[in-house]
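A short worksheet on the structure shown next.
Protein chains get the first letters and strands the later ones, always in sequence-line order, with residue 1 at the start of each.
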Number of protein chains: 2
Amino acid sequence: MNKRIRLKDVAEKAGVAVNTASTILNRRPNSWASKDTEARVFQAAKELGYRPSKTARALRSGRYHTIGLLIQDLTNPFFSTLADELESAVEERGYDLLVENCRSSLVREKHLFADLDDLEVDGSVLWLSDNEVFRKELAEMAEGRHPVVVLGNGIPEKAYPVDAVFSDFTQGLSDAVDALCSLGHKRFAFVSALAEGQADGNRPRLFQEMLAARGVPAANIDVLRTGHTVESACETFAAFLRQRPDERPTALLAMNDLSAIGAMRAAIEAGLSIPADLSVVGVDDVPLSSYLPITLSSIRQRYKKITRAAANLLISRIEAAEGLSLPPRQEVFATVYTPRESVGPTKG
Amino acid sequence: MNKRIRLKDVAEKAGVAVNTASTILNRRPNSWASKDTEARVFQAAKELGYRPSKTARALRSGRYHTIGLLIQDLTNPFFSTLADELESAVEERGYDLLVENCRSSLVREKHLFADLDDLEVDGSVLWLSDNEVFRKELAEMAEGRHPVVVLGNGIPEKAYPVDAVFSDFTQGLSDAVDALCSLGHKRFAFVSALAEGQADGNRPRLFQEMLAARGVPAANIDVLRTGHTVESACETFAAFLRQRPDERPTALLAMNDLSAIGAMRAAIEAGLSIPADLSVVGVDDVPLSSYLPITLSSIRQRYKKITRAAANLLISRIEAAEGLSLPPRQEVFATVYTPRESVGPTKG
DNA sequence: CTGTTAGCGCATTCAA
DNA sequence: TTGAATGCGCTAACAG
């Protein structure tokens, strides 16, 4: 029944004009209204329970006080943690977070990306399936008035035309490889978790090069392509184990914790014990990893740092004076290898 | 610098008036515009790359084509799965989903709840920490024009004044208890995962009654209160195990999978083996549960059914003729006990 | 079948 | 210092 309270109602109750109320309630600096009127306006607003209409404000001002986050799969703890942290980060700066969930579909990703500047947000943070694929579109966005920052693993060879925050994969990976090699591992599997139709990127190569530098020939490395769900990693690795009863790898590195967990499960079901028969390392260091029945070694991403950096880059750009066009910036955070129970020496 | 394309631009290009363009683009039924004009309008819209402003549309129509979802903790796979499924469900009906994350804070929950009808949504789905606490406010919402459906575990003794979808806990719980008892378990622990300051509700009592019916005295049941994170469940149960080196429970039931995983971890670190020394049952059946190194027995909630039912109830109410006021409806879905590796016979 | 008009609630010129 | 207009982009009455 109670109709919506408008600014007009507040103004009337306080005995002032709407714009006066507006200026006061928004604490605009150039208001030299008397202390008394200010008090009256605030009082009226409070008594009436006035809530400004975000929609009207947005329509008028073109500002939404909201930032978007595009992620691949909300169901993946990595992304939900990322969303959670980013929400905290932007909220401190007075922004809401709007999550755009690709649900592991590349075509959905295309659509969401295309609709990005149609979104009611002031800017967006993007964790794309593959930044390279969108390089051209990103360049176009940089021209437009929709600020964007891309996130990702690994530093691109050529810098992107937009703000970016990356995890530097090499440090953590290198430490993991060192650890595995010094534990005597000689045969490796690499599980790259990818969406359907997605390219491998340079990760497998990076892994191979690191192992090569430690004397492990490419022939001793099996590269498995799986989807990025637990299920698919489990199935893929199970199939692999079946068709390879001997000459099996003794160490496995998966591109994310979910895949690592899936592969671990497949190994267990195949009768292998972890880490005695197979050492497993994941990537992301999802909160759950350290609480699994067999705790999972992982290459940790710095969630807090990444999200805070992204929030800062994006919001600074949003709030920068209109004309001012900042050059693209890039920040990089190291990853850290975190050994846990899932890694141990080879039996042999 | 490409300015925003407005409806007016499309209309001009097509040589019609704005409202004509509006009626045509929105495929309103009462438009008897000539096929030819229609084609011209669509063509113009396409060529110009017209994207209607949701903000303006919302301001004008009071409809947002968005529904809100209030959850306790996005980081908890149960809630992220719920969000994911609900998003699918409402999208099929042409709505977006806006996630409101309490981040495990009851005060934040209060705020989000209070701001609910300030939100730019047509209605909301609520998974509250405790429906009873909000009973009064829910009744008020039912009066207002913000449709709401509450979700939850367990059927309330007194029906709520709003639409509701519940998981019926008793079936699954009863089956779990049966299974545990027939495996010879005599001493039990109950881990109720709660936010700080949250009441236990009737769950512990329900559990005790079920066990009593099977001849297990209350003295054989330890009720542990923990937070709802893995960490807190792990710590709480670890502390419990330390102070109770003997007379330990041989079976544990946790109010959600995350707590079950935390407790499981604590048991393992205390040197117990699962299920030989301790059987563990969770609630929710989070997707990950069946892929853990020791797969977790769980009382499954029917995510798909729950979210679809919620979407139907809410959207039907939203789209119901203005005047028509539907009575509160309630739907209930059974839970199903899903035994896995974490449950086995007692050693003794 | 099409065009004109009047707001949705707010912020922001301008006068006063 | 404050009040009266203007319009953000769109939809929905109307009247043509």
query = Can you find a side chain N or O atom of A:Thr37 that sits less than 4.0 Å from OP1 or OP2 on D:dT2?
reply = yes
ask   = How about B:Tyr303 and B:Phe78: are their ring centroids closer than 6.0 Å?
value = yes
query = B:Tyr64 OH to D:dT11 C1': how many Å, rounded?
reply = 15 Å
inquiry  = When you measure from the side-chain N and O atoms of B:Ser53 to the phosphate of D:dC10, is any distance below 4.0 Å, counting only OP1 and OP2?
reply    = no
request  = Please determine if a side-chain N or O atom of B:Ser22 lies less than 4.0 Å away from the OP1 or OP2 oxygen of D:dC10.
outcome  = no
message = Once you apply a heavy-atom cut-off of 4.0 Å, does A:Leu7 come out as touching a base, just sugar-phosphate, or nothing?
response = sugar-phosphate
inquiry  = In this structure, how many angstroms lie between the P atom of D:dG9 and the CZ atom of B:Arg63, rounded?
reply    = 23 Å
inquiry  = Check this one for me: any side-chain N or O of A:Tyr50 less than 4.0 Å away from OP1 or OP2 of C:dC10?
reply    = yes
key: Side-chain heavy-atom pair B:Leu48, B:Lys13 within 4.5 angstrom cut-off   = yes
ask   = Nearest nucleotide by nearest heavy atom, which residue falls closer to the 5' end of DNA chain C, A:Lys54 or B:Val18?
value = B:Val18
key: d(CG, B:Leu25; P, D:dC10) in whole Å   = 10 Å
note = From CD of B:Glu120 across to C1' of C:dG9 the rounded distance in Å is 12 Å
remark   = A:Ile24 CD1 to C:dT12 C1', in whole Å, measures 16 Å
request  = For B:Val16 and for B:Arg60, find the nucleotide of DNA chain C with the closest heavy atom, then tell me which residue's nucleotide is more 5'.
outcome  = B:Val16
query = Do A:Glu87 and A:Tyr95 meet the criterion of a side-chain donor-acceptor pair at a distance under 3.5 Å?
reply = no
query = What is the distance from CZ of B:Arg6 to C1' of D:dT11, rounded to the nearest Å?
reply = 16 Å
query = Under 3.5 Å, is there a donor-acceptor pair between the side chain of B:Asp122 and the main chain of B:Ile67?
reply = no
ask   = Counting only side-chain N and O atoms of A:Arg57, is one of them less than 4.0 Å from OP1 or OP2 of C:dC10?
value = no
key: Nucleotide D:dT1, atom P - distance to CZ of A:Arg40 in whole Å   = 15 Å
request  = Grab the CG-P distance between A:Asn19 and D:dT2 for me, whole Å please.
outcome  = 10 Å
key: Over-ring placement of A:Arg135 relative to A:Tyr160, 6.0 Å and 45° cut-offs   = yes
